[in-house]
There are 2 protein chains.
Amino acid sequence: MATLPPTSTPNTLSEDSPLLYPLFARVRLATPSDVPHIHKQIHQMAVFERLSHVCSATEASLAATLFNSPPFQSFTVFLLEVSRTPFLNPDPNPNPSFVPISRTINLDFPIEDPESKAFRIDEDVTVAGFVLFFPNYSTFLAKPGFYVEDLFVRECYRRRGLGKMLLSAVAKQAVKLGYGRVEWIVLDWNVNAIKFYEEMGAKILQEWRICRLTGEALDAYRHFSDL
Amino acid sequence: MATLPPTSTPNTLSEDSPLLYPLFARVRLATPSDVPHIHKQIHQMAVFERLSHVCSATEASLAATLFNSPPFQSFTVFLLEVSRTPFLNPDPNPNPSFVPISRTINLDFPIEDPESKAFRIDEDVTVAGFVLFFPNYSTFLAKPGFYVEDLFVRECYRRRGLGKMLLSAVAKQAVKLGYGRVEWIVLDWNVNAIKFYEEMGAKILQEWRICRLTGEALDAYRHFSDL
């Protein structure tokens, strides 16, 4: 559970200037075959947050709990792919509910990806990040929204606007569906992330705290109605 | 958007002592025919929170956005009913996925309900509260959970353990489904609510803040992929 944006976002998303080292980026719906890549990134996020001891997700448990509903109706994953060459395949798994979003990033130097093999889709395309989100609901608006559970960009691809691209794709989809809000959480000491989110137009709700019932404290309610 | 518990919870849920003024309470799945009662309570909650100016929910907008999925798969409402006589009708709309939970509360004095007519189900049964919740997801656990958007008990029925009964019903259902967490939010200055939730076993996450993209700031992403 976390949202992990790039710590700064220079405006490198541009198609105007000549392309010295273009990086082609695409956001598409993830599919069950992407679970291994999603799983590896969840564990990288847990390591980054020093929470790997509480990360028990496995490929099997993710596969069992994701992709059980049509996109956007329940837990949904957008995958971020990058390539040094343009995407020729429009979408490996086209879905009428979402058209992939593409960008070309003009880099001054090519990115060295030390884990490109582990995150390879094919000989050209590499997974660079993901966002996992699902519907929430506001009774005051009487409208659904989206809650973003995880936003992750792999380390070597950060600070290029790719986190913004992923989150923007969720926001655009929310607007398209007529939804009222996109919400997520941030650690109060992560000033770079807060600045990044505020620049994207988000308000930080200072007064609200999350309450969590889990583990044995939750299990204690197993026999509630028998009391 | 709010969770509004009773400010204190004396242990009045008891079936041991002689019943001077019994109040029979039942938590059942809400149905589309309950929308008017849910709508009135949402507006009472908004007034209580001095947020009625941002509460735009109507019966029509609630009816259009709730009850579109089977219970627990998306936005779900439990309704709290009370009666001075035992519930004879087991459940007006039986659903195999949830058996109503009943309690008998032994009161020292009968409760005067100044709005009993507005919240009447039939000549014996009155709506006293509701809880609206929906699935969320933890990638670290690779498990769904429930997020409680609203917990409301009508004013004259507070401080009798009925808020706890509603929230416990959600927790029990989460355990039944093998879910990992039940989460909700609370205002940081609402010390009575925080105490109540901690007594129920919840942890308050002090470091996390909610980020919200809404209104014009969200609408700005309408044309994101065309940029």
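In the text below, chain A, chain B and the rest are named by the order of the sequence lines, each starting its count at 1.
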TODO: Identify the two heavy atoms, one from B:Tyr137 and one from A:Glu149, that lie closest to each other, and give their separation to 0.1 Å.
DONE: O-CD, 2.9 Å
Task: Other residues, nucleotides, ligands: >12 heavy atoms within 6.0 Å of A:Glu198 CD - done: yes
- [ ] With a 4.5 angstrom heavy-atom cut-off, could you sort out which part of A:Lys176 is near chain B: side chain, backbone, both or neither?
- [x] neither
TODO: Compare every heavy atom of A:Phe224 with every heavy atom of B:Arg103, then report the nearest pair and how far apart it is.
DONE: NH2-O, 2.8 Å
Task: From A:Ile185 atom CD1 to B:Ile210 atom CD1, the distance as rounded to the nearest 0.5 Å - done: 8.0 Å
- [ ] Taking all non-hydrogen atoms of both residues into account, name the closest pair between B:Lys172 and A:Arg222 and its distance.
- [x] NZ-O, 2.9 Å
- [ ] To the nearest 0.5 Å, tell me how far B:Thr139 OG1 sits from A:Phe152 CZ.
- [x] 11.0 Å
Task: Residues, nucleotides or ligands: over 12 heavy atoms within 6.0 Å of B:Glu155 CD - done: no
- [ ] Let me know if A:Asn68 has heavy atoms under 4.5 Å from chain B in its side chain, its backbone, both or neither.
- [x] neither
Task: Which of A:His43, A:Lys203, A:Glu216, A:Gln173 touches chain B most, by non-hydrogen pairs under 4.5 Å - done: A:Lys203
Task: Working for side chain to side chain contact (heavy atoms under 4.5 Å, CB included), residues B:Asn136 and A:Tyr147 - done: CA-CA 8 Å; B:Asn136 63 5; A:Tyr147 182 84; 5.8 Å; no
Open item on the list: If we define contacts as heavy-atom pairs under 4.5 Å, which of A:Ile204, A:Val27, A:Asp219 has the most with chain B?
Closed with: A:Ile204
Open item on the list: According to ring-ring contact (aromatic ring centres under 6.0 Å, His included), who are the partners of B:Phe133, at least two apart in sequence or on a separate chain?
Closed with: B:Phe78, B:Phe146
Task: Closest non-hydrogen atom pair, B:Thr65 against A:Pro144 - done: CG2-CD, 4.0 Å
Task: Most contacts with chain A, counted as non-hydrogen pairs under 4.5 angstrom, among B:Glu207, B:His39, B:Gln73 - done: B:Glu207
TODO: Output the distance between atom OG1 (A:Thr214) and atom NZ (B:Lys143), rounded to the nearest 0.5 Å.
DONE: 8.0 Å
Task: Top of B:Ile38, B:Thr58, B:Val170, B:Leu66 for chain A proximity - count of heavy-atom pairs under 4.5 angstrom - done: B:Leu66
Open item on the list: As an exercise: rank B:Ser61, B:Ala217, B:Ser52 by heavy-atom pairs under 4.5 Å with chain A and give me the winner.
Closed with: B:Ser61
Task: Pairs of heavy atoms under 4.5 Å with chain A: top-ranked of B:Leu213, B:Leu218, B:Leu167 - done: B:Leu213
Task: Top contributor to chain B contacts, counting heavy-atom pairs under 4.5 Å, from A:Ala202, A:Ala142, A:Ala46 - done: A:Ala142
Open item on the list: Can you give me the closest heavy-atom contact between A:Tyr221 and B:Met200, atom names plus distance?
Closed with: OH-O, 2.7 Å
TODO: Let me know if A:Leu132 has heavy atoms under 4.5 Å from chain B in its side chain, its backbone, both or neither.
DONE: side chain
- [ ] Under 4.5 Å, counting heavy-atom pairs only, tell me which of B:Ser56, B:Gly215, B:Ala64 racks up the most with chain A.
- [x] B:Ser56
- [ ] Would you check if A:Arg209 and B:Arg209 make a side-chain contact, meaning some heavy-atom pair closer than 4.5 Å?
- [x] yes
- [ ] Report yes if the side chains of B:Trp208 and A:Asp188 come closer than 4.5 Å at any heavy-atom pair, otherwise no.
- [x] no
Task: Heavy-atom pair count under 4.5 Å with chain A, highest-scoring of B:Cys211, B:Pro135, B:Ser69, B:Ala57 - done: B:Cys211
- [ ] Examine whether an atom of A:Gln206 lies under 4.5 Å from a heavy atom of chain B, and if so say whether it belongs to the side chain, the backbone or both; otherwise answer neither.
- [x] both
